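Working notes, beginning with the structure itself.
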Amino acid sequence: MLNIVLFGPPGAGKGTQSEKVIAKYALTHLSTGDIFRENIANGTDLGKKVKEYTENGLLVPDSVTIDMLKSAMDGHKGAKGFIFDGFPRTVGQAEALDNMLAASGSKISTVVALDVNEGELKKRIEERKKVSNRADDEESKVLKRIDEYFSKTVHVLPYYEKQGKLHKVNGIGNIDQIFTSITDVIDAAK
Ligand code: AMP
């Protein structure tokens with residue numbers, strides 16, 4: 001099984017690049033942000049529970065996020081592999097993911113971390129705001145999300161570095177060039 005974590009701050013291009021990775025490697029896409037947004041749109045109990053957090057750019061508590069991811073994985077038993085997009089965002093989530101995969105005799109193959117500086121991120125999210133209808137693309141919420149990333153989520157990087165799985169890819173530049181750097185990392189892990 002090929003299991004990839006695509007890691008990066010909000011606005012780093014995770015959505016764009018994961019679409020290309022899925023098309024090339026036939027992986028199942030698990031984006032916790034997308035699943036939360038779907039649940040909010042459909043007014044489910046989970047949606048009601050997480051709305052406040054997501055719309056304010058705050059991380060949803062680990063217990064809720066991990067349970068949700070576990071059922072999403074259980075719903076794709078026949079998957080050839082997964083691309084985790086926006087998960088894990090805390091060390092607790094990273095540990096839970098390792099345990100869940102180990103329970104089915106699997107593991108994370110590699111971690112691609114898109115590297116984009118804070119100034120560029122803010123510029124990109126400003127642009128995205130013009131075309132997206134995400135409630136959390138408003139300026140103060142964006143700043144909060146970037147802040148959550150640099151205060152909490154970056155700690156996941158050393159977790160994977162210790163496992164020898166972390167690969168940083170420059171996330172600034174041409175989309176196809178960035179994709180080539182990502183596929184080089186994935187192909188080396190296959
Ligand atoms: P994203 O689309 O990945 O930027 O996620 C949108 C929002 O969903 C985030 O700002 C968080 O509120 C929530 N979220 C998504 N993934 C996670 C996660 N792994 N842990 C906690 N909260 C998350």
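All values below were derived from every heavy atom in this structure, side-chain atoms included, with hydrogens, water molecules and symmetry-related copies excluded. As the structure lists them, so they are numbered: ligands from 1, and atoms in each ligand from 1. None of these values were measured; they are calculated from a predicted model.
Every residue was checked against the salt bridge (charged side-chain N to carboxylate O under 4.0 Å, His left out) condition with K162, not counting sequence neighbours, and none meets it. A search for salt bridge (charged side-chain N to carboxylate O under 4.0 Å, His left out) contacts involving K129 returns E126, not counting sequence neighbours.
Here the rule is salt bridge (charged side-chain N to carboxylate O under 4.0 Å, His left out) with E127, and of K130, K123, R124 only K130 fits it.
In this structure, Q93 contributes its side chain and R89 its backbone to a donor-acceptor pair below 3.5 Å.
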Per-pair distances, 0.1 Å, donor-acceptor, side chain in residues 78-87, under 3.5 Å, sequence neighbours excluded:
{"from": "D85", "atom 1": "OD2", "to": "S18", "atom 2": "OG", "distance (Å)": "3.2"}
{"from": "D85", "atom 1": "OD2", "to": "H29", "atom 2": "NE2", "distance (Å)": "2.8"}

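Geometrically, K20 engages F179 in a cation-pi contact defined by less than 6.0 Å to the ring centre and at most 45° from the axis.
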Atom pairs, nitrogen or oxygen, ligand 1 to protein, under 3.5 angstrom:
{"from": "ligand 1", "atom 1": "2 (O)", "to": "R37", "atom 2": "NH1", "distance (Å)": "3.0"}
{"from": "ligand 1", "atom 1": "2 (O)", "to": "R37", "atom 2": "NH2", "distance (Å)": "3.0"}
{"from": "ligand 1", "atom 1": "2 (O)", "to": "R134", "atom 2": "NH1", "distance (Å)": "3.4"}
{"from": "ligand 1", "atom 1": "2 (O)", "to": "R134", "atom 2": "NH2", "distance (Å)": "3.4"}
{"from": "ligand 1", "atom 1": "3 (O)", "to": "R89", "atom 2": "NH1", "distance (Å)": "3.0"}
{"from": "ligand 1", "atom 1": "3 (O)", "to": "R89", "atom 2": "NH2", "distance (Å)": "3.2"}
{"from": "ligand 1", "atom 1": "4 (O)", "to": "R89", "atom 2": "NH2", "distance (Å)": "3.2"}
{"from": "ligand 1", "atom 1": "4 (O)", "to": "R134", "atom 2": "NH2", "distance (Å)": "3.3"}
{"from": "ligand 1", "atom 1": "12 (O)", "to": "L58", "atom 2": "O", "distance (Å)": "2.6"}
{"from": "ligand 1", "atom 1": "16 (N)", "to": "T32", "atom 2": "OG1", "distance (Å)": "2.7"}
{"from": "ligand 1", "atom 1": "16 (N)", "to": "G86", "atom 2": "O", "distance (Å)": "3.4"}
{"from": "ligand 1", "atom 1": "16 (N)", "to": "R89", "atom 2": "NH1", "distance (Å)": "2.9"}
{"from": "ligand 1", "atom 1": "19 (N)", "to": "G86", "atom 2": "O", "distance (Å)": "2.9"}
{"from": "ligand 1", "atom 1": "19 (N)", "to": "Q93", "atom 2": "OE1", "distance (Å)": "2.9"}
{"from": "ligand 1", "atom 1": "20 (N)", "to": "Q93", "atom 2": "NE2", "distance (Å)": "2.9"}
{"from": "ligand 1", "atom 1": "22 (N)", "to": "V60", "atom 2": "N", "distance (Å)": "3.0"}

